Amino acid sequence: GSKQSTITSFFSKV
Amino acid sequence: MLELRLVQGSLLKKVLESVKDLVNDANFDCSATGFSLQAMDSSHVALVALLLRSEGFEHYRCDRNLSMGMNLNNMAKMLKCAGNDDIVTIKADDGGDTVTFMFESPTQDKIADFEMKLMDIDSEHLGIPEAEFQAIVRMPSAEFARICKDLSSIGDTVVISVTKEGVKFSTRGDIGTANIVCRQNTTVDKPEDATVIEMQEPVSLTFALRYMNSFTKATPLSNQVTISLSSELPVVVEYKVAEMGYIRFYLAPKLEE
């Protein structure tokens, strides 16, 4: 199965 | 003091229609560069980045950087009251707690102003690195919208695969499967009908169709859409906003566990 990733796991807070 | 006059007010109406269902509340940032917004949906699966460059406004006054928290549904409600040909001016005072939208009919015989309460929003600003994409697909935005709509009647997710054959959109659901392949096509009468595929290497990613369908609400903004893909990175779905900027939707992929 596939799992939905999130934007925050790719881009970090500035 | 902030005063932004946009002759093509319909652009702002279209922008709001394309984001109001994805994001509830967001900060609009105003600086010398332009009027911008970055916000995620409540589940942090999608991010929208909007930029309307200052040069695109007929009049652009922004004395100091200003961040204005707005409920996008309420903002959309107010902008819906502007006529499609109206000139829209956004006004706010530094430190004020309201924003005013002024609508002028093209013949100047009707002038309306709508004042909206601002809100305090804690939003985290994310750094989006410049990425080298494995594949970039440019295609008619209406075609992309049609594909997303059609596939979502069959399944919940779309696999977007780019190979030298073209770009393939696939889904599967309880009733069966669907595959739509679009090939590069540059022999068209109008440039907006072209499909252009730039592939550095083949790439295949899976995304939730619900979000893709939401992004296609930006279709009225531009005849073309650009889809940029890289392995295990969010896809970027970009619509140009006339000559003045863009609206970019980032969608996190579904990854194999």
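A note on names: the letters A, B, ... follow the listed sequences, proteins ahead of strands, and every chain is numbered from 1. Keep in mind that what you see is a predicted model, and the values were worked out from it rather than measured.
- Contacts with chain A (heavy atom to heavy atom, under 4.5 Å) involve these residues of residues 23-43 of chain B, listed by number: Met40(B), Ser43(B).
- Proximity to chain A at a heavy-atom threshold of 4.5 Å picks out Ala46(B), Leu47(B) from residues 46-56 of chain B, in numerical order.
- Aromatic ring centres of Phe11(A) and Tyr250(B): separated by under 6.0 Å.
- Note that OG1 of Thr8(A) is 6.5 Å distant from NE2 of His44(B), once rounded to the nearest 0.5 Å.
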What pairs of donor and acceptor atoms, side-chain ones from residues 129-141 of chain B against any protein atom, are under 3.5 angstrom apart with sequence neighbours left out?
| residue | atom | partner | partner atom | Å |
| --- | --- | --- | --- | --- |
| Gln134(B) | OE1 | Ser231(B) | N | 2.6 |
| Gln134(B) | OE1 | Ser231(B) | OG | 2.9 |
| Arg138(B) | NH1 | Gln224(B) | OE1 | 3.0 |
| Ser141(B) | OG | Ser222(B) | O | 2.5 |
| Ser141(B) | OG | Asn223(B) | O | 3.2 |

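- Ranked by heavy-atom pairs under 4.5 Å with chain A, the first of Glu256(B), Glu257(B), Glu232(B) is Glu257(B).
- Between the CD atom of Gln4(A) and the CZ atom of Phe207(B) there is a distance of 9.0 Å, given to the nearest 0.5 Å.
- Side-chain contact between Ser12(A) and Leu126(B) is absent, with no heavy-atom pair separated by less than 4.5 Å.
- Leu255(B) places none of its side-chain heavy atoms less than 4.5 Å from the side chain of Lys3(A).
- Under the side chain to side chain donor-acceptor pair (under 3.5 Å) criterion, Arg146(B) pairs with Asp150(B), not counting sequence neighbours.
- A distance of 10.0 Å separates NZ of Lys254(B) from OG of Ser5(A), quoted to the nearest 0.5 Å.
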